Amino acid sequence: MTTTPMRIVHCVRSPIGGIFRHIRDLASSQAEAGHDVGLICDSSTGSAFDNELLEELRPKLALGLARFPMQRQLTFRDLSATLALYRHIRDLEADILHGHGAKGGAYVRLIGSYLRLRGQKVSRVYCPHGGSLHYDPNRFEGQVYHTLERMLGRLTDGLVFVSDYEASAYESKVGHPRAQSRIVYNGLRPEEFAPVEVPDDADDFLYIGMLRDLKGPDLFIEALYNIRLKTGQAPTAHIVGEGPDEARYRAMVQRLGLERAVTFHGALPARDAFRLARNVVIPSRAEAMPYIVLETVAAERPLIATRVGGIPEIFGRYANRLIDPGHIGKLTTAMENALTEPARMADEARELRGCLAETFSVDLMNDRITTLYQDLKGLSPADSAMPLAADSASAVSRARTVYARTGSR
């Protein structure tokens with residue numbers, strides 16, 4: 001696709017996990033297409049593994065890699081962070097400011113709006129990646145975040161949702177988008193669709209993801225303990241990832257007497273981690289469009305996952321295989337069955353992989369997001385407050401059934 005070169009700046013608070021994977025792939029594709037790309041992120045987040053990925057991306061960033069202190073929660077420090085980011089962004093002469101996650105989205109929309117008042121023709125694009133949409137709208141914290149999202153929606157030119165579920169959640173919790181909106185699935189590179197073979201002596205289960213309760217590692221550990229209570233022996237398992245609750249999960253493993261069965265690894269490349277165990281378990285309580293599920297399916301690894309966020313969209317007609325989130329009994333049963341029915345798990349993995357490549361492509365992801373940028377560049381400020389794009393609106397309509405079934409999280 002030939003496009004007019006643009007100056008694009010991505011902003012995210014935390015350069016880790018699936019949200020950073022999305023940005024790395026998108027920024028790399030945009031740079032390869034001839035655009036000038038920059039990235040801004042938090043200076044205090046990220047392990048050695050994450051920082052190495054940042055450094056690999058740096059040479060592709062013509063507009064530079066800049067890191068500033070950014071807090072996860074709302075604090076008065078956000079004022080100084082906004083000022084520091086503004087001083088950096090104002091001289092980049094960006095055509096597009098693309099914020100990822102709640103904090104990144106807030107920074108670029110506030111700063112972009114001020115730059116527009118000063119005459120810069122910059123478009124403000126926001127992708128929630130779950131973020132504030134995970135909060136319960138019936139709780140005080142959720143009401144605060146969703147009110148802020150409604151206010152910032154007036155300062156938004158383009159919205160990118162990574163799943164039908166996320167678009168439906170936004171409409172339900174925040175309101176009908178005022179900006180041009182598109183649903184753009186996360187995508188994988190062609191080489192990631194090669195199956196990963198595991199050695200004969202691989203262990204039983206792998207959890208891979210952030211170590212925080214939202215992702216369910218505590219449920220994974222509890223299910224291992226339940227199987228030991230029932231059979232007298234705990235399955236062997238690996239926990240791969242980093243996060244704020246790691247110490248608590250290590251203590252939980254020790255308290256339940258699972259030290260000999262469970263090994264913690266820190267962060268690893270997904271395809272390396274897949275070789276550690278025969279089955280992958282993703283017991284998330286909430287998601288948007290998780291890369292790790294896409295990567296697991298593309299690698300043809302047997303998978304146990306929960307019915308949350310965009311995961312049913314990945315599974316498609318096989319969504320009935322998903323289990324209820326937070327239901328420890330059903331998770332334990334699914335893991336027990338995986339141990340006794342390896343042939344069935346392998347067959348299901350092959351079936352899932354066969355329907356993935358066409359929809360979840362990094363080239364398609366880049367094309368749809370970059371053409372949204374191009375559309376915004378051709379709009380006047382008055383035109384930018386358009387209703388949801390037709391293709392996105394129909395997808396939101398299709399997603400409402402899924403959203404109602406999985407709940408308002």
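Small disclaimer: the values here were computed from a predicted structure and weren't measured. These numbers come from the heavy atoms of this one structure, side chains and all, not from hydrogens, waters or symmetry mates.
Looking at D203, its side chain never comes within 3.5 Å of a backbone N or O of A237 through a donor-acceptor pair. R368 places a side-chain N or O within donor-acceptor distance of the main-chain N or O of I183, the cut-off being under 3.5 Å. Between the side chain of S132 and the backbone N or O of P128, no donor-acceptor pair lies under 3.5 Å. At least one donor-acceptor pair under 3.5 Å links the side chain of E166 to the backbone N or O of H129. Side-chain N or O atoms of T340 include one that pairs as donor or acceptor with a backbone N or O of N337 at under 3.5 Å. Between the side chain of N186 and the main chain of M289, a donor-acceptor pair closer than 3.5 Å is present. Side-chain atoms of K103 come within 3.5 Å of backbone atoms of Q71 as a donor-acceptor pair (strictly under, hydrogens ignored). Listed for the R109 side chain is a donor-acceptor partner under 3.5 Å among the backbone atoms of G105.
A donor atom on one side chain and an acceptor atom on the other are not found under 3.5 Å apart for D157 and Y373. Looking at S113 and R124, their side chains do bring a donor and an acceptor atom within 3.5 Å of each other. Residues R301 and T296 have side chains that never bring a donor and an acceptor to within less than 3.5 angstrom of each other. D25 and S28 are not linked by any side-chain donor-acceptor pair at a separation below 3.5 angstrom, with hydrogens and angles left out of the test. T332 and N226 share a donor-acceptor pair across their side chains, judged by distance under 3.5 Å alone.
Salt bridge annotation for R248-D213: present, with a cationic side-chain nitrogen under 4.0 angstrom from a carboxylate oxygen. In summary, R344 and D347 do not engage in a salt bridge, as defined by a charged side-chain N under 4.0 Å from a carboxylate O. Using a 4.0 Å cut-off between a side-chain N of Lys or Arg and a carboxylate O of Asp or Glu, D78 and R13 do not qualify as a salt bridge. With respect to the salt-bridge test (charged N to carboxylate O, under 4.0 angstrom), the residues D324 and R307 qualify. Note on E351 versus R321: salt bridge recorded, some NZ/NE/NH1/NH2 to OD/OE distance being below 4.0 Å. Salt bridge annotation for R139-E141: absent, with no cationic side-chain nitrogen under 4.0 angstrom from a carboxylate oxygen.
Between I328 and A223, the shortest heavy-atom contact is CD1-N, 3.7 Å.
Applying the ring pair (Phe, Tyr, Trp, His ring centres under 6.0 Å) rule to F20 yields no partners; only residues at least two apart in sequence or on another chain are considered. Applying the ring pair (Phe, Tyr, Trp, His ring centres under 6.0 Å) test to F68 and every residue at least two apart in sequence or in another chain returns H88. Here F264 pairs with nothing under the ring pair (Phe, Tyr, Trp, His ring centres under 6.0 Å) rule; sequence neighbours left out.
The aromatic rings of H100 and H10 sit tilted, their planes meeting at an angle between 30° and 60°. Between H265 and H238, the ring planes lie tilted relative to each other; the angle falls in the 30° to 60° range.
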